[in-house]
Amino acid sequence: MRRLAAVVTGIALVVVVTSACGGDSTPVEAGGPTVPLTAAGTSTSVPDTVPGPTTAPPPATTPPPAPDLRSVPFDQDFPIDVGESVAIAGQGLTVTYVAILGDSRCPIGVQCIWAGNATIAVSLVKAGDPPATVQLNTMEGPTGGGYSSYTVTLVELDRGASPGATLRIT
């Protein structure tokens, strides 16, 4: 009797070929589960890929549901920490303080020739619009940036390793 064993994506599959004399179709184990043939001499095909999920992931423009987000008023200054996300009340807009990109500001108590600049990255997402990341500066470069019909402004930036910011959305 001739036997052929194949391993398909980590699952041992045993195919039994019947002998010319006797038609014996006993499954043969090859280190895993056995699969008997339903009829002597029948051939089976195994798909090359495993089917994926039946539902598509949500589009990238839809912000994830976030019931724990702090809500802040529209057109008013609000504090925000690095890594924090807030919802702008009544606007369907989410703002995230992504990171501080650079800080060359003069340390407190030191007299410098130049005051320096700090740059932060802020991410904005609104359903129906593609998300965007805006860079805001304390001195050199724009202190505000546009997204959809909104403007985000860096009002103030604290000092330290992870400085909190004060923003305003108008």
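When a residue number appears, it is its place in the shown sequence, counting from 1. Below, all heavy atoms of this structure are taken into account, side chains as well, without hydrogens, waters or symmetry copies.
- Minimum interatomic distance between Leu69 and Ser85 (heavy atoms only, all atoms of both residues): CD2-O, 3.2 Å.
- Taking Ile, Leu, Val, Met, Phe, Trp and Tyr as hydrophobic and joining them when side-chain heavy atoms fall under 4.5 Å apart, one finds Leu101 isolated, its cluster having no other members.
- The other members of the hydrophobic cluster of Val86, by chain and number, are Val72, Phe74, Phe78, Ile80, Val82, Ile88, Leu93, Val95, Tyr97, Ile100, Ile120, Val122, Leu124, Val134, Leu136, Tyr147, Tyr150, Val152, Leu154, Leu157, Leu167, Ile169 (side-chain heavy atoms under 4.5 Å, ILVMFWY only).
- The shortest heavy-atom contact between Ser71 and Ala89 is OG-CB, 3.5 Å.
- Nearest heavy-atom pair across Asp77 and Arg168 is OD1-NE, 2.7 Å.
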Donor-acceptor contacts, no H, no angles, side chain residues 107-118, under 3.5 Å, sequence neighbours left out:
| residue | atom | partner | partner atom | Å |
| --- | --- | --- | --- | --- |
| Asn117 | OD1 | Thr138 | N | 3.3 |
| Asn117 | OD1 | Thr138 | OG1 | 3.3 |
| Asn117 | OD1 | Met139 | N | 2.8 |
| Asn117 | OD1 | Glu140 | N | 2.9 |
| Asn117 | ND2 | Thr119 | OG1 | 3.3 |
| Asn117 | ND2 | Asn137 | OD1 | 3.0 |
| Asn117 | ND2 | Glu140 | O | 3.4 |

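- In this structure, Thr143 OG1 and Glu156 CD are separated by 13.0 Å, a value rounded to the nearest 0.5 Å.
- Between atom OG of residue Ser148 and atom CD of residue Gln91 there is a gap of 10.0 Å, rounded to the nearest 0.5 Å.
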